[in-house]
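To start, the structure itself, in structure tokens.
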Amino acid sequence: MKAGAATMRKRILVAFIALVVVFIALFGRLFYLQIIDGGMLRARAAEQWYRDLPLKAARGKILDVNGEVLADSADVFTLYARPNAVKNKEQTASDISDALGMSTETVLEMLSRQVGEVTVKRKIDAKTALELRDKNISGLYYTLDTQRNYPFGSNMSQILGFTNIDNVGQSGLESYYDKYLTGVDGYAYTSTDMAGREVEGSVTKYVPGIPGCNVTLALDSNIQSFAYSAVTAAQTEFSAKSAQMIVMDVNTGGILAMAKTPAFDLNDPPRNDLDLLNELSRNTMIVDMYEPGSTFKIFTTAAALEAGVVSDNDTFFCPGYRMVDGQRIRCWRTIGHGSQHLAEGVKNSCNCVFMDLALRLGVDRFYSALDKFGLGQKTGVDFAGESSGMLMKKENVKTVDLARIGFGQAVAVTPLQLITGVSSVVNGGILYQPYLVGSVDSFDGKNVATRLPMEKGRTVSESTSQKMREYLVGVVANGGGSKAGVVGYAIGGKTGTAQKYSGGTIAQGKYISSFIGFAPAENPKYALLMIVDEPQGYMYYGSLVAAPYAGDVFEKIFDYVDLPPTMLPEVEYVPMPDVMDMTAEEAVDLLEKTGLHVETAGEGGAVIGQTPLPGERVKLNDSVLIRIRN
């Protein structure tokens, strides 16, 4: 009896323990499902109970320095369909195809899919979307989306860049500042049944998006328009491969304009030709380098003055060439410039003078100066893909290389490097880091970031800067840069005509024509670089191709900012002499005595062409061209 009772107690205890274990297991599972996995399970349930549609947040605006909108987002709509909720698929497909210009068969195939939801079409304009919605077609839903809009079209295509269909920046500032411009998307939630049909009487809940930040540039859209008009006209006039211009504030490094042609309309990029799109999107003023030619002579002169290896009273003789390391290096004027002081050498852009200056400096001092000017290194501009230019390794530079670097050969720069360095030469000697964006602000006006001018170091002394301004004003007043002059204003600058290379040898008939200048000379504010790549014909000199367009833009800027003239508007004209059939020496001598700056095409024979024609009125000190039979 006692044994039976003990057995019974054991059985009850085992059963109790079993129940406790089962209870603990059930409680543990319930705890796990409700507490540990609760959030995930609720989310899965919500996916079955609700359909969520994205509400794209507006991308931030890109503005110019005056608040002019350069890039904005327009409201568009995305059409979705829930196939299970579409009552008459054939009629619905017909209505959609009529409204959106889509194939009826394509739409019907979408509406016949065994899925909960399908995207029918994106980027539908508001008018079309509202007209379709007014038909109250079952199973169709609309969400707000945005589409990038560029009011200036092709004017700034290489700077602003563009976005893809999802409004993600793909190039230019749209890409570089994408994390600021991109907003936070919202959503719309609607209760649905198991088949994906909206539950009758359900309430759609909206979670609004947060717009992206607005980005304000240093760029001035008015000055940008002047620059874009100039490069467009220059490319057309000279049938050039391309033309480009940069305008910079010499006292801050702010980029006021950056224009290039050929370009493309940002509102309609050639997405079907990716090679063309990539080519037209390249901001070559930042990412490509080129041999600058005579514009580089500004650095050579400034470095020599700063090092004290030359003075105003030094004289140089140019017979038309220099012999360096047994090599004959020609001056651009093969008949020579004769004897000249430094200021005259700068005005004449005499290669022999700059070879002498480079050799006086030597490799160490010259390279030290070029490093201060920021050459051979990135400027740090806020733009992707910047090139650092190219300088020969100092230990590899031979004497003949040094001589060539002195007048702008055997060295490569980006246009932005060049104008940044030259700005330091004329602004008193301070090298600023160039920049495109001045500030970033939230959609409600709160400042996120502001860029202040950043000094990177001193390149030359105030006295050297003052002397360089005087020399470069002489180039525009009485030398090769005369066509960049504006009546009543003192402008300084330097022209350049560089040969291009292909496969390591000179490409015959291919040149880069350029002009770099600054104004007003008394207190510089604006630096301007104009480059025309491969102008066609015999008028390929920077003085004749690039300088006139630089002068046009300077004049428009003066008028735009209401800058009063500082000089008496006196202009003297002379008749163009007839130099046809003269020898080159005779023609140059006569034209220079007349008070004109002479560019020559060809060498060795008689004059076979001249521009302007004999008898035409020409401004005193203007640049003219004579063609010589080879």
Practice problem: Answer whether the closest heavy-atom distance between the side chains of M392 and D401 falls below 4.5 Å. | Solution: yes
Practice problem: Could you tell me whether the side chains of E386 and T379 share a donor-acceptor contact shorter than 3.5 Å? | Solution: yes
Quiz prompt | Cationic N near anionic O, under 4.0 Å, D622 to K483 | solution = yes
Quiz item: Excluding sequence neighbours, so at least two apart, what forms side chain to side chain donor-acceptor pair (under 3.5 Å) with K347?
Solution: none
Self-check item: Contacts of type salt bridge (Lys or Arg N to Asp or Glu O under 4.0 Å), residue K456, not counting sequence neighbours
Solution: none
Exercise. Would you give the length of the straight line joining atom CD1 of I255 to atom CG of L219, rounded to the nearest 0.5 angstrom?
Key: 8.5 Å
Self-check item: side chain to side chain donor-acceptor pair (under 3.5 Å) between Y560 and D220, intermediate numbers included
Solution: CA-CA 11 Å; Y560 165 57; D220 187 312; 2.8 Å; yes
Exercise answer: donor-acceptor pairs, residues 280-289 side-chain atoms, under 3.5 Å, sequence neighbours excluded:
residue : atom : partner : partner atom : Å
S281    : OG   : L277    : O            : 2.6
R282    : NH2  : D288    : OD1          : 2.1
R282    : NH2  : D288    : OD2          : 3.2
N283    : OD1  : M285    : N            : 3.4
T284    : OG1  : Q244    : OE1          : 2.8

Exercise. With sequence neighbours excluded, tell me which residues meet side chain to side chain donor-acceptor pair (under 3.5 Å) with Y290.
Key: none
Practice problem: Might you work through the side chain to side chain donor-acceptor pair (under 3.5 Å) test for T464 and E306, ending with a clear yes or no? | Solution: CA-CA 6 Å; T464 296; E306 189 70 10; 2.6 Å; yes
Quiz item: Is the shortest heavy-atom distance from the side chain of L625 to the side chain of Y538 under 4.5 Å?
Solution: yes
Exercise. Step through it carefully: locate the ring centre of F407, locate the ring centre of F354, and say whether they are under 6.0 Å apart.
Key: no
Quiz prompt | Note: K593-D589 ion pair, threshold 4.0 Å (strictly below) | solution = yes
Quiz item: CE of M245 to CD1 of I419: how many Å apart, nearest 0.5 Å?
Solution: 9.5 Å
Self-check item: Distance, nearest 0.5 Å, that separates CG of L217 from CD1 of I159
Solution: 8.0 Å
Quiz item: Hey, are K297 and T300 close enough side-chain-wise for a donor-acceptor pair under 3.5 Å?
Solution: no
Quiz item: Mind checking whether N222 and L256 have side chains closer than 4.5 Å, heavy atoms only?
Solution: no
Quiz item: Is I626 close to I608 at the side-chain level, that is, under 4.5 Å between some pair of heavy atoms?
Solution: no
Quiz item: More than 12 foreign heavy atoms under 6.0 Å from CE of M580: is that the case here?
Solution: yes
Practice problem: Output, in order, the C-alpha distance, side-chain angles, deciding distance and verdict of side chain to side chain contact (heavy atoms under 4.5 Å, CB included) for L305 and T301. | Solution: CA-CA 6 Å; L305 286 170; T301 311; 4.2 Å; yes
Quiz item: Testing N155, D64, N66 for side chain to side chain donor-acceptor pair (under 3.5 Å) with S221, which one passes?
Solution: D64
Practice problem: Kindly compute the distance separating CD (Q499) from OH (Y540), expressed to the nearest 0.5 Å. | Solution: 8.0 Å
Exercise. Taking S465 for its side chain and S461 for its backbone only, find out whether a donor-acceptor pair lies under 3.5 Å.
Key: no
Practice problem: Specify the closest pair of heavy atoms between T594 and P577, including all atoms of both residues, with the distance to one decimal. | Solution: OG1-CG, 3.5 Å
Practice problem: Taking E291 for its side chain and G293 for its backbone only, find out whether a donor-acceptor pair lies under 3.5 Å. | Solution: no
Exercise. Indicate whether any N or O donor in one side chain lies under 3.5 Å from an N or O acceptor in the other, for S242 and Q235.
Key: no
Quiz item: Can you find a side-chain donor-acceptor pair between N251 and N427 that sits under 3.5 Å?
Solution: no
Quiz item: Is a side-chain donor-acceptor pair under 3.5 Å present for S623 with E599?
Solution: no
Quiz item: How about M576 and L596: do any of their side-chain heavy atoms sit closer than 4.5 Å?
Solution: yes
Practice problem: Without swapping roles, check the side chain of Q158 against the backbone of A259 for a donor-acceptor pair under 3.5 Å. | Solution: no
Quiz prompt | Spacing of L436 atom CG and L416 atom CG [to the nearest 0.5 Å] | solution = 8.0 Å
Practice problem: Verify the distance criterion only: is there a donor paired with an acceptor across the side chains of S349 and K494 at less than 3.5 Å? | Solution: yes
Quiz item: Hey, what do you get for CZ (R322) to CG (L359), rounding to the nearest 0.5 Å?
Solution: 9.0 Å
Quiz item: So, do Y489 and F554 have ring centers that fall under 6.0 Å from each other?
Solution: no
Quiz item: Is D533 salt-bridged to K500, cutoff N-O under 4.0 Å?
Solution: yes
Quiz prompt | Donor on one side chain, acceptor on other, E237 and Y549, under 3.5 Å | solution = yes
Quiz prompt | Within 6.0 angstrom of R458 CZ, more than 12 heavy atoms from elsewhere | solution = yes
Quiz item: With side chains defined as the heavy atoms from C-beta onward, is the minimum distance between V460 and F373 less than 4.5 Å?
Solution: yes
Quiz prompt | Exercise: identify the closest heavy-atom pair between V607 and A587 | solution = CG2-CB, 3.6 Å
Quiz item: With a cut-off of 6.0 Å (strictly less than), are more than 12 heavy atoms of other residues, nucleotides or ligands near CZ of F264?
Solution: yes
Quiz item: How would you list, by chain and number, every residue that makes a side chain to side chain donor-acceptor pair (under 3.5 Å) with S311, sequence neighbours excluded?
Solution: D314
Quiz item: Salt bridge check: are E592 and R333 linked by an N-O gap of less than 4.0 Å?
Solution: yes
Practice problem: Go through the steps to decide whether T232 and T261 satisfy the test side chain to side chain donor-acceptor pair (under 3.5 Å), and finish with yes or no. | Solution: CA-CA 6 Å; T232 301; T261 54; 4.9 Å; no
Exercise. Would you please test V475 and T495 for side chain to side chain contact (heavy atoms under 4.5 Å, CB included) and show each step?
Key: CA-CA 9 Å; V475 174; T495 61; 5.5 Å; no
Exercise. Using the side chain to side chain contact (heavy atoms under 4.5 Å, CB included) rule, take E68 and F152 through it: C-alpha gap first, then chi angles, then the decisive distance, then the call.
Key: CA-CA 10 Å; E68 183 81 25; F152 287 82; 3.9 Å; yes
Quiz item: Where do S154 and S157 land on the side chain to side chain donor-acceptor pair (under 3.5 Å) test, with the steps shown first?
Solution: CA-CA 5 Å; S154 58; S157 54; over 6 Å; no
Quiz prompt | Contacts of Y435 that satisfy side-chain contact (heavy atoms from CB on, under 4.5 Å) - sequence neighbours left out | solution = A218, T252, D382, R451
Exercise. Evaluate the ring planes of Y541 and W332, with Trp represented by its six-membered ring, and classify them as parallel (under 30°), tilted (30 to 60°) or perpendicular (over 60°).
Key: perpendicular
Self-check item: Exam field: side chain Q417 to backbone Q377, donor-acceptor pair closer than 3.5 Å
Solution: yes
Quiz item: Within a strict 4.5 Å, meaning less than it, do heavy atoms of the R404 and V400 side chains meet?
Solution: yes
Quiz item: Can a cation-pi geometry be assigned to R617 and Y573, taking NZ or CZ under 6.0 Å from the six-membered ring centre and within 45° of the ring axis?
Solution: yes
Quiz item: Quick one: are Q340 and C318 in side-chain contact, heavy atoms under 4.5 Å?
Solution: yes
Practice problem: Might you work through the side chain to side chain contact (heavy atoms under 4.5 Å, CB included) test for I516 and L528, ending with a clear yes or no? | Solution: CA-CA 6 Å; I516 188 163; L528 184 154; over 6 Å; no
